[in-house]
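First comes the structure, then the notes that go with it.
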Amino acid sequence: MTTRGSRPRLNSRGFAYLAAAVVSPFASLALGDPGPVLVALPVAVAVVIGLSGPPPVDPVLTVTGEVDRVVEGSPVKMRVEVQAGASTAQVTLDLPPGARMLGWRGARRIGDDGLVLRLVDGVGVAEITLVFERWGSYRLASARVETHGPLRLSTSVATCRVADVVVVLPETERVRQLVEPLMTNMHAGDLVSAARGAGAEMSELRTWQPADPPRAINWRASARSDQLWVTDRYADRNGDLILVVDSVTERGAEIEKAVGRVVRIAASLVKAYGQGRHRLGLVSFSGYTRWFGLDSGGTHQYRLLEAVMRTQAVTEPVWMAVDRVLERTVHRPSMVVFVTPLVTEGIHGRILQLAGGGVDVGVVAVDPDEWIETPRDPLRALAHRIWRMERQRAIDILRSSGVAVGDLWEGRSLGDLTEEMDGWRRRRRQLRT
Amino acid sequence: MAQTPASTAHLTAAGAVGVGVVAATFVVDGPWQPISVVSGWLVVGFVVVSVVWGRPVGLVVAAALHVARVGVHGIAGERTPGLVVSAVLLVAMVELATASFEARQMPLPFDTALARSLLLAAAAGLAVGLVAAGVRSTPVAGPGAAIIGLVAALSAAGLLVWLARRPGPD
């Protein structure tokens, strides 16, 4: 926080009165009439009183509450403290676009972003509640604090800038049933691995072998037999999951809506998979192709959310860069979840290629009709329908290749979609066995 | 009418110009009439320029001119308007114009600005009325005038020097 204050200075009112006070004796002398002096006498006295002025203001703008991880729409409390030798102070907040004052306490509001604080013993405190309407990074606010001297003839101004940056995270959907990776890694987690090891899920009973730990002996089974039996268990492991965020849109689409939808879904998945202790990675095609390697933990999750929020709309990604990044980051046993509107052919091919290479792939297909206006012209409407059919055909091809695809149309919750995808995978595995 | 900052700025500016126009309508007869008329409308002109331009320079000149015009009316023999009314007009004009400047920078309710202007103008008028009643003076003459003039000039110059030498912003 930096504070820049000024000493009391005459304002426009003070200068006008000063001019009248200074000119009046000369006018009286020149014209031989006491009228000017008499008229200007009260204002001259006022100027002298006004110039005694308040001491320099010392505004302190502090921010309270959890401000570095705020979810959009949730309130952020700011505390404005002003110290000055005046009875009132006028605080004008310069809020960033997208932020607005929701409530205030200890002050009187003037206009949209102005507050008047009453100072008691030279100190005034107000609490302001701000709300941020959209995710993103906001430099919180700067405040201009103005105090006036007696008769408002002199003014002290201080500008207070808050260096705190509030990162407003997108509002996420709650996802109960996730599409879990089929293969697990070597780290302990919540998933039941196919490998044997120390876990909760029982695999089988087998006879004791040298080097089996005594704790694994099943004494109950051994008591009914003439040899020792051991309980074999599946290891509890976690999975590797790479989220591929594709915000490719069509020309003329509502960019804000398209990006907003993709970001919210991706953020929901990052949060949901992060809670399951999976190791997460991210590949984003938006503008610059970006990627984050596999890792877990709150800091990494936060880093991914920030990366997701930087998503921009593109009409055509740089496929060469995308291929290189996918080649570098995606490998077994990772599961890859694409969040994509599936509007480009390039993405279908890459998903099929990964699935063909034995990579566990899931696709959250965001319906682009949300942000593309349906044409009214019959010919264009026909073309739109054919394009929709092609997209549906691409989804069918992906499903037939073993890729779990969930079509996320407007109004459908992400939780329902992931449940459907998980159910589809289970049924497919049952059919195979 | 919703009191937005813009409307407050416009209304107070119009009020300041209106007060200037009222002051300009008080004109003396005789040889000083042209100066009275011209100075009256010059005051209005400076106020208009000031509130339209949004800078206080015009207002400063208008205030000084208004005070000088009181002297012109005094030597013309007609105290019109009276000293009290002149003071009221001066303070009302300055207050309304500066309220207009303030309303352009920060939210300011019009009723507050108007009430403050009228209250201060009335207070100034009352003060002038009391002083004028106490002095009951005639045009200054004699050797005392030079002393009074010297003291006044020194005081004004001293005030200006003090203002110029005050420390600037930190």
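Given the structure is predicted, the values throughout are model-derived calculations rather than measurements. Note on naming: letters A, B, ... go to the chains in the order of the sequence lines (proteins, then strands), and numbering restarts at 1 for each one.
- Heavy-atom distances place both the backbone and the side chain of B:V72 under 4.5 Å from chain A.
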Check the pair A:R134 / A:V168 against side-chain contact (heavy atoms from CB on, under 4.5 Å), numbers first and verdict last.
CA-CA 7 Å; A:R134 196 172 189 273; A:V168 181; over 6 Å; no
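- No donor-acceptor pair under 3.5 Å is formed between the side chain of A:R109 and the backbone N or O of A:W104.
- The stretch residues 113-131 of chain B participates, sequence neighbours left out, in these salt bridge (Lys or Arg N to Asp or Glu O under 4.0 Å) pairs: B:E95-B:R116.
- Contact residues of residues 12-25 of chain B toward chain A are absent (heavy-atom distance under 4.5 Å).
- Scored by the side-chain hydrogen bond (donor to acceptor under 3.5 Å, both in side chains) test, A:S24 finds no partners at all (sequence neighbours excluded).
- Highest contact tally toward chain B, considering only A:A46, A:A30, A:P42, is held by A:P42 [criterion: heavy-atom pairs under 4.5 Å].
- When each of A:V23, A:L31, A:V43 is checked for heavy-atom pairs under 4.5 Å with chain B, A:L31 comes out on top.
- Around the CD atom of A:E171, the shell of radius 6.0 Å holds no more than 12 heavy atoms that belong to other residues, nucleotides or ligands.
- Side-chain atoms of B:H73 never come within 3.5 Å of backbone atoms of B:W32 as a donor-acceptor pair (strictly under, hydrogens ignored).
- Counting heavy-atom pairs under 4.5 Å between each of B:A62, B:G125, B:G74 and chain A puts B:G74 at the top.
- Considering only heavy atoms from C-beta on, A:R264 comes within 4.5 Å of A:W135 through its side chain.
- A:S74 places no side-chain N or O within 3.5 Å of a backbone atom of A:V70 that could act as its donor or acceptor partner.
- Residues A:N11 and B:T98 fail the side-chain proximity criterion, which asks for heavy atoms closer than 4.5 Å.
- In terms of modelled atom types and a separation under 3.5 Å, the side chain of B:R69 and the main chain of B:S36 share a donor-acceptor contact.
- Between A:L130 and A:M101, some side-chain heavy-atom pair lies under the 4.5 Å cut-off.
- Under the 4.5 Å side-chain criterion, counting only non-hydrogen atoms from C-beta, B:F26 is in contact with B:L89.
- Contact of B:V91 with chain A is made through backbone and side chain together, with heavy-atom distances under 4.5 Å.
- The part of A:R144 that comes within reach of chain B is its side chain, from C-beta onward, which places non-hydrogen atoms under 4.5 angstrom from that chain.
- Only the side chain of A:A27 comes within less than 4.5 Å of a heavy atom in chain B; its backbone stays farther off.
- Of the possible donor and acceptor atoms, none in the side chain of A:T129 sits under 3.5 Å from a partner among the backbone N and O of A:K77.
- Residue-level contacts of residues 50-60 of chain B with chain A, in order of numbering, are B:P56, B:L59, B:V60; threshold 4.5 Å between heavy atoms.
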